[in-house]
Amino acid sequence: MCDQDSQFWMGGIHASNCVEVTNNPDHLDDGSFWAVSISFEGEKTFLRFADVTQQEFPSSPWEKLSGKWISSQSERDYIAYVERIRRTISEGGVYQVNACRELNLHLQKEDQSLAGLFSNLLIENPAHYACYIKADGLEVASASPERFLSRKGSTILTSPIKGTIRSDEDTFGEKDKAENLMIVDLMRNDLGQICVPGSIEVSELFRHEKHPGITHLVSDVQGTIAKETSWAEILDATLPPGSVSGAPKSSALSIISTYEGARGPYCGTMGWIHGDRAELSVAIRTFWTTGDGFLRFGTGAGITWGSDAAAEWAETQLKARHLISIAGGEL
């Protein structure tokens, strides 16, 4: 059943009047417009909307929160987590892991909508893949800078982010470049499961992208989707996103499950699918609620053998600081 107030917005596309909700990806091949939210663990929510228009996001107010955000891992715990990953890398069990933690803060009003927060994010932290979705028991306001998958006809493109420096810095270190290259190779492998052999190429390597307060290192990988490939097959081959899991993906996921537990919407994907066109983000820089009275936000960093654990903690703080200031509360 669709909630009457279910809605979706991304890149000027506003969808309302939900007429169907399902977790079955086979429905995505029917040519309708579908809003998509898939958790890091693979829990799927697909909403078919009857009314889809081009418009700005409907603005609404946001009352800033107060109080201190609580982290799922203390600085000491996170540093220990990073060191465990480094030991596993040294033993040959994995090459790279994206290590994340969750911040949460009690909402002053349990029914406080995130629409107002998303309105402020669009103004104070504009992001290429900003997305808002409200569905039964879930509300997500994302200021994601990262493309997961873009599709136009048979062409599919992914643009993993790996590497973060302050906006007043100019140079990425070798650790950032090595980490980025690992994920480029992983995404080439993921796309290889659904694309025409020989069609996959790295169309741009190590692009610098400026965002509020930070600069990211980004690469583009694209390919040609094999004929008769379904959306279920595309999602099965590529989820969860490689940039927020690690390499090899299966080994990284095992470590994440052991030390983090469920991430939920954070680090999953959200966006839209409409026939052979799609725009899906990696759900980072993302706030969400599940109806329990808490606002949640995730932050993380990519860990390699060359990582400095204290510096990785600082990177998670850097990524969170500006967005938390928009929501309110003390980091």
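Here the structure is a predicted model, which is why all the values come from computation and not from measurement.
Between the side chain of Ser71 and the backbone N or O of Ser74, no donor-acceptor pair lies under 3.5 Å. Between the side chain of Thr286 and the backbone N or O of Tyr266, no donor-acceptor pair lies under 3.5 Å. The closest donor-acceptor contact from the side chain of Ser39 to the backbone of Glu43 lies under 3.5 Å. Here the side chain of Arg101 pairs no donor or acceptor atom with the backbone of Leu103 at under 3.5 angstrom. In this structure, the side chain of Glu260 does not engage the main chain of Ala99 through any donor-acceptor pair within 3.5 Å. Checked by atom type and distance alone, the side chain of Ser72 pairs as donor or acceptor with a backbone atom of Glu102 at under 3.5 Å. In this structure a side-chain-to-backbone donor-acceptor pair under 3.5 Å is missing from Gln112 to Leu65. Within the 3.5 Å criterion, the main-chain N or O of Val282 finds a donor-acceptor partner in the side chain of Ser144. A donor-acceptor pair under 3.5 Å is absent between the side-chain atoms of Ser307 and the main chain of Ala309, judged by distance alone. Side-chain atoms of Trp69 do not come within 3.5 Å of backbone N or O of Ile324 as any donor-acceptor pair.
With salt bridges taken as basic N to acidic carboxylate O contacts below 4.0 Å, none links Glu91 and Arg87. Under a 4.0 Å N-O distance rule, the pair Arg285/Glu146 does not qualify as a salt bridge. Using a cut-off of 4.0 Å between Lys/Arg side-chain N and Asp/Glu carboxylate O, Asp5 and Lys134 are scored as salt-bridged. Electrostatic pairing of Asp292 and Arg296 counts as a salt bridge here, judged by a charged N lying under 4.0 Å from a carboxylate O. At a threshold of 4.0 Å, the pair Lys162-Asp176 does not count as salt-bridged, since none of the basic side-chain nitrogens sits closer than that to a carboxylate oxygen. Of the charged side-chain nitrogens involved, none lies within less than 4.0 Å of a carboxylate oxygen, so that Lys177 and Glu179 do not count as a salt-bridged pair.
With a 4.5 Å cut-off on side-chain heavy atoms, Leu295 and Leu117 count as touching. Put simply, the side chain of Val36 does not reach to within 4.5 Å of the side chain of Trp272, judged on heavy atoms. A heavy-atom distance below 4.5 Å is found between the side chains of Thr45 and Val21. By the 4.5 Å heavy-atom criterion applied to side chains, Gln7 and His14 are counted as neighbours. Annotation: side chain of Cys131 is not in contact with side chain of Trp9 (no heavy-atom distance under 4.5 Å). Considering only heavy atoms from C-beta on, Thr158 stays 4.5 Å or farther from Arg147 through its side chain. Side-chain contact between Val94 and Pro248: present, with at least one pair of heavy atoms (C-beta onward) separated by less than 4.5 Å. The shortest side-chain heavy-atom distance between Met187 and Pro241 does not fall under the 4.5 Å cut-off.
Taking the six-membered ring where the residue is Trp, Tyr81 and Tyr259 present tilted rings, their angle falling between 30° and 60°. Classified by interplanar angle (parallel below 30°, tilted 30° to 60°, perpendicular above 60°), the ring pair His274/Phe33 is perpendicular.
Taking every heavy atom of both residues into account, Thr299 and Thr316 meet most closely at OG1-O, 2.8 Å.
Applying the 6.0 Å contact sphere to CD of Gln55 captures more than 12 heavy atoms from other residues, nucleotides or ligands. By the 6.0 Å contact criterion, NZ on Lys152 is open, its count of non-hydrogen atoms from other residues, nucleotides or ligands being 12 or less.
For Phe8 and Tyr132, the ring centers sit 6.0 Å or farther from each other.
Screening Thr155, Ile156, Thr224 against Cys195 for a side chain to side chain contact (heavy atoms under 4.5 Å, CB included) leaves a single residue, Ile156. The only option from Val140, Leu105, Leu121 that meets the side chain to side chain contact (heavy atoms under 4.5 Å, CB included) definition with Phe287 turns out to be Leu121.
Donor-acceptor pairing under 3.5 Å is lacking for the side chains of Thr238 and Asp190.
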